[in-house]
Amino acid sequence: MPALAESTTAATASGPDVHIQVKDLTMAYGSFIVQQDLTFSIQRGDIFIIMGDSGCGKSTLLRHMVGLKRPAKGQVLYEGRDFWAADPVQRKGFMRNFGMSYQGSALWSSMTLAENIGLPLQEYTDLSAADIRELAQLKLALVGLAGFEDYYPSEISGGMMKRVGLARAIALDPDILYFDEPSAGLDPISSRLLDDLILELRESLGATVVIVTHELASIFSIGNNSVFLDAEKKTMTATGDPKQLRDTSTDPKIHRFLTRGEA
Amino acid sequence: MDDSYQLKFVTAGVDGLQVTLAGSWKTHHVLPESSQLESWLDSHPDIKQIGFDSTAMTAWDSALLTFLVRVTAIADKNTIQVDHSGLPDGVQRLLHLASAVPERKGARRAAGKAPFLARIGNQSMAAADSATAGLAFLGEATLSLARLFRGKAQFRWSDLWLTVQQTGSQALGIVALISFLVGMILAYIGAAQLVNFGATMYVADLVGIGMARAMGAMMTGIIMAGRTGAAFAAQLGTMQVNEEIDALETLGISSMDFLVLPRMLALILMMPLLTLYSILFGILGGLFVSVTTFDIGVMEYLHRTQEAVKIRHVMVGLTEASVYGVLVAVAGCYQGIKCGRSSSAVGAAATSAVVSGILLIVIATAFLTVIFNVLGI
């Protein structure tokens, strides 16, 4: 671990309940390094926040973790198994356990909401069309959109699209839920409701949640573990419980970030 | 671990049913059936309460939830109370969440098709609407052109030059290739017939007049419909999806002037030039076949072409070309502007732009041919 980073959790790199581990990760576009020396671990059941100032590579880190982008160096381990060292078939097996909700919802616009949620089920299970539809109905009901199965994404509001994105992410009852800026573009109340929904689903599904966000309200109300990426130093400067980081961090930048520069 | 789910029914008290859930309730090949419960309830009509015992359950996911949702629906139908307290904590929370927001009234869509006559009626009305909208668009485009001549149209000249470059010079290769081949085909078919009359020489007339009056403009028009019309529709359609057109309108900038006008102008300017180029390559294609296959001399062929092709033939071709230019630009821009807000709508707009562009070209050719005939040009 780089000397710069501080840690507020006692948990070290390995433990019985470590779900995801990032080891010595370097992210780069060609020769341009986005972040380097990233090392942190996420416990099973954590709500893990990836935070940092704009352009520091939060979404890029998420893309490395879900398998959309190959690391320039380092490893991403799921239950101790290296994701990028695995062959494509094994990787698909890993990805079967991911659910991802994208910043812009990323619903397939030519499909109805039920079809959007049904596609992962079609791809990974051999359920009948009727069963898939029933599951899609259930997932829509879970996000409060019962009855909207046959709508197209263009016919519903942005907040509803976000919730459908969440319903699609939980379609396969994943172990790990990834969120890229879940509250981007939502009003404070919708954003709070979405946070509650994420929390509720995490509690009942028992999934590990990884969230990219810079909404302080979300960070403190739902996060119990985090990593802070610094855009200038191009590495992580802290990891641990965000509330503890706010109160105890000696890094002025982290302190400013977590107190909105007010304290 | 047991791979499948087990279900057992035990009566509890006078009017109670205890459903014992055991094994793994995970999504496998099929979702758990609820018909067993239905038939059990049919034979025990006095049941008033259902409870659950899940102590022997090893695993669960959404499969269990769908089963429980079905059970709740059956119980509601038979006015039976369902007690969820014997279920795992997470399951109870999820069931609560799923029923927290009641289904919005009227949200569900009516399934099934409308009757045959209704569908014909709907489609006719839609066709009439789209014809009206198309004409309105043409009208607005004309007004926009008028604003241009009065110097009041707002658009960026750099956009015009960029479009001119894309529609004009970048199309030279494909226009040359296709025109050369069309010229060859005309010459080949024509000469094969003319040779019977000993009039092989006149193949130069046939190719020259054919290319100048009709084929040059038509082939260029069709290439433009496929190449440029589709591009216009896709560009404007994507701008519609990204709300870029709304952003222009809210600034008080007419999308007609800013987006449609430069594209239309570019095509009106470039079509005649490309058509001239196409006629030239058509004649060269005819020359190539005549010289290599039918033993006609190069100078002979060119002289014959010069004799046959009059300036009025070329003018006819260029007039047609300008008309096709307007039609292709209007079809492409119209489809783009009225595009829906989704990625599939952009694809549909590009397809419609090409199909309607080619259709309009062929219809226009028919009208123009009759008009030129009547005028004796």
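Because the structure is predicted, anything quoted here is derived from the model rather than measured. Letters go in sequence order (proteins before strands), and every chain restarts at 1.
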Determine, stepwise, if the pair B:Leu65 / A:Leu135 fulfils side chain to side chain contact (heavy atoms under 4.5 Å, CB included). CA-CA 9 Å; B:Leu65 289 176; A:Leu135 278 172; over 6 Å; no
Should we say atom [atom1] of [X] is surrounded by more than 12 heavy atoms from elsewhere, each under 6.0 Å from it?
X        : atom1 : value
A:Arg192 : CZ    : no
B:Glu38  : CD    : yes
B:His44  : NE2   : yes
B:Leu135 : CG    : yes
B:Lys26  : NZ    : no

A:Leu201 to B:Leu94 - nearest heavy-atom pair and separation: CD2-CD2, 3.7 Å
Value rounded to 0.5 Å, distance of [atom1] in [X] from [atom2] in [Y]:
X        : Y        : atom1 : atom2 : answer
B:Asp61  : A:Leu172 : CG    : CG    : 9.5 Å
A:Asp173 : B:Trp60  : CG    : CH2   : 8.0 Å
A:Glu134 : B:Ser62  : CD    : OG    : 11.0 Å
A:Asp131 : B:Thr66  : CG    : OG1   : 7.5 Å

Interchain contact, A:Asp126 with chain B, by part (heavy-atom threshold 4.5 Å): both
Measure distances from A:Leu140 to the heavy atoms of chain B and classify the residue's part below 4.5 Å as side chain, backbone, both or neither. neither
Would the distance check show the side chain of A:Ser109 and the main-chain N or O of B:Ser343 forming a donor-acceptor pair, the cut-off being under 3.5 Å? yes
Against chain A, work out which of B:Gly90, B:Ser344, B:Ala98 has the most heavy-atom pairs shorter than 4.5 Å and name it. B:Ala98
